[in-house]
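Side chains are part of it too, since the values below use all heavy atoms of this structure and drop only hydrogens, waters and symmetry mates.
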Amino acid sequence: MTALTVALVLVVAAAVILRWRRPAWYWLAFGAAFAALRVLVRYTSVMDACGLTVPPSRWRLTLARITNRPIPEARAPRILRIRPTRTGLVLRLKLRPGQDAFDVSTATDRLRHSFSMYGVTSRELRSGVVEVRMTGYDVLKRVQMPTKTDTTPMRVPVALREDGAVHYRDYRSVPHGLTLGATESGKSVYQRNLVAGLAPMNVALVGIDCKQGVELFPLARRFTALADNPDTALDLLEALVTHMEGVYQLIRAEQRITVNVPDAEIAADIWDLPDHLRPVPVVVLVDEVAELALFATKDEEKRRDRIITALVRLAQLGRAAGIYLEICGQRFGSELGKGITMLRAQLTGRTAHRVNDESSANMAFGDIAPDAVLAAIQIPTDTPGIAVTGDSSGGWARIRAPHTTLRQAVNLCNKHAGRTPDLPALAPFRPAVGTPAPSSEPLAKAAPATV
């Protein structure tokens with residue numbers, strides 16, 4: 001009896017320690033089994049209480065009347081599959097006739113309380129089938145990215161979603177993006193993760209950092225071109241426009257539009273070209289867009305208009321030429337001058353970290369996902385790195401990027417410096433770099449930890 005007691009105490013102690021220090025391990029070892037049992041036991045009653053049941057059909061009522069049996073009970077959606085994950089449970093439900101996926105999505109908060117889970121989200125997989133994702137703990141409190149991610153060319157894992165899924169920045173499907181956030185909101189860490197994810201890929205990185213280069217110039221070994229002031233940024237953007245026009249000429253020359261070529265082989269962008277002819281894609285990172293739009297003199301106003309015009313042209317025409325924009329800033333409203341709202345309309349992907357006012361959140365989501373505005377302004381100040389992301393489809397989610405120090409990003413960029421491509425049009429803007437510093441040396445600025 002004593003040995004059994006000691007073993008039980010050890011198991012309980014291990015569970016408490018795991019839940020405190022390693023919530024993912026605790027969930028896989030203990031929480032998932034208890035949660036699955038709780039869901040299966042409570043399922044019918046919870047669905048009935050949440051209004052997710054349908055009355056018996058006429059033929060069932062008729063059969064019960066003929067056989068003199070009790071009236072059949074209302075039926076809940078049928079569970080097709082229940083699958084544990086490292087962060088929660090995934091239920092696949094088959095809806096009954098008369099039910100809609102919207103019924104499940106509106107009941108997610110009640111399901112969260114009823115099943116004693118941390119969070120519940122739902123999405124429709126196909127007609128009549130809904131996937132309900134449940135998280136057993138706060139996955140954004142201590143972000144731990146999975147060891148294996150579905151990384152493909154131009155698709156970078158940058159953060160973790162609140163439902164435990166990995167958030168990817170996919171430039172092929174969402175070419176241009178806007179990232180907003182106040183000071184110390186985690187915007188720099190998000191950008192750092194983006195550069196770290198792109199560094200091992202065959203892509204040219206172009207940076208514009210008008211804060212005298214304090215954010216992007218430490219990563220210079222992996223950048224094809226860098227600008228640290230508005231004057232250089234103007235020349236760099238116009239050189240990119242020239243490069244884009246050259247890529248379009250290449251595509252025109254290799255379109256292969258003849259009656260003997262199937263339609264699927266006709267080239268319309270760089271991804272339709274053969275590998276040996278395809279130009280390297282370019283990702284342009286603008287660290288603080290307001291510095292490019294502000295002016296104090298007439299000459300600066302003319303420079304500003306040329307900069308915004310070049311950005312708008314790249315946003316409108318750059319996708320087919322393999323040029324993608326990643327624009328960051330604290331605000332991005334019409335007060336920055338003419339052309340700003342036109343540029344914002346081209347930025348499909350939107351990410352907002354903590355903002356200081358509601359109008360800043362409206363700049364990101366007011367025109368695509370109004371529901372996300374409230375979520376963006378509710379991000380607390382003591383959780384840097386948490387953000388709300390959305391796109392033109394209207395969907396949105398809370399995410400948090402793992403903490404990556406500037407030294408870690410620099411080491412990764414130095415490791416993949418050999419992948420930095422040379423583009424003739426951007427050669428004058430290639431950063432001059434010296435001997436890499438030892439990895440043990442601390443760098444000046446480190447972002448606040450997200451743990």
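- For F223, there are no ring pair (Phe, Tyr, Trp, His ring centres under 6.0 Å) partners at least two apart in sequence or on another chain.
- Scanning for ring pair (Phe, Tyr, Trp, His ring centres under 6.0 Å) contacts around Y190 gives H353, with sequence neighbours left out.
- For F295, the ring pair (Phe, Tyr, Trp, His ring centres under 6.0 Å) test picks out no residue, with sequence neighbours left out.
- Residues L277 and L273 share a closest heavy-atom pair of O-CD1, 4.2 Å.
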Contacts under 3.5 angstrom, residues 229-246 side chains, donor-acceptor by atom type, not counting sequence neighbours:
unit_1	atom_1	unit_2	atom_2	d
N229	OD1	D231	N	3.1
N229	OD1	T232	N	2.8
N229	OD1	T232	OG1	3.1
N229	ND2	T232	OG1	3.1
D231	OD1	R303	NH1	3.2
E238	OE1	R306	NH2	3.0
E238	OE2	R306	NE	3.1
E238	OE2	R306	NH2	2.8
T242	OG1	E238	O	3.1
E245	OE2	R313	NH2	3.3

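- In summary, the side chains of R133 and T121 do not present any donor paired with an acceptor at a separation below 3.5 Å, with no hydrogens or angles considered.
- By the 4.0 Å N-to-carboxylate-O rule, K302 lies too far from D305 to be salt-bridged with it.
- With rounding to the nearest 0.5 angstrom, the OG1 atom of T383 is 5.5 Å from the CZ atom of R400.
- Using modelled atom types and a 3.5 Å distance limit, the side chains of D299 and T297 yield no donor-acceptor pair.
- When all heavy atoms are compared, the tightest approach of V156 to G197 is CG1-CA, 3.4 Å.
- Identified under the salt bridge (charged side-chain N to carboxylate O under 4.0 Å, His left out) test for residues 170-183, with sequence neighbours left out: R155-D170.
- The CG atom of L180 sits 10.5 Å away from atom CD1 of I327, with the distance rounded to the nearest 0.5 Å.
- Atom-to-atom distance recorded for T389:OG1 and R398:CZ is 13.0 Å, nearest 0.5 angstrom.
- Applying the salt bridge (charged side-chain N to carboxylate O under 4.0 Å, His left out) test to residues at least two apart or on different chains, the pairs with a partner in residues 112-126 are D109-R112, R123-E131.
- Judged by the 6.0 Å distance and 45° axis criteria, R252 is not positioned over the aromatic ring of Y248.
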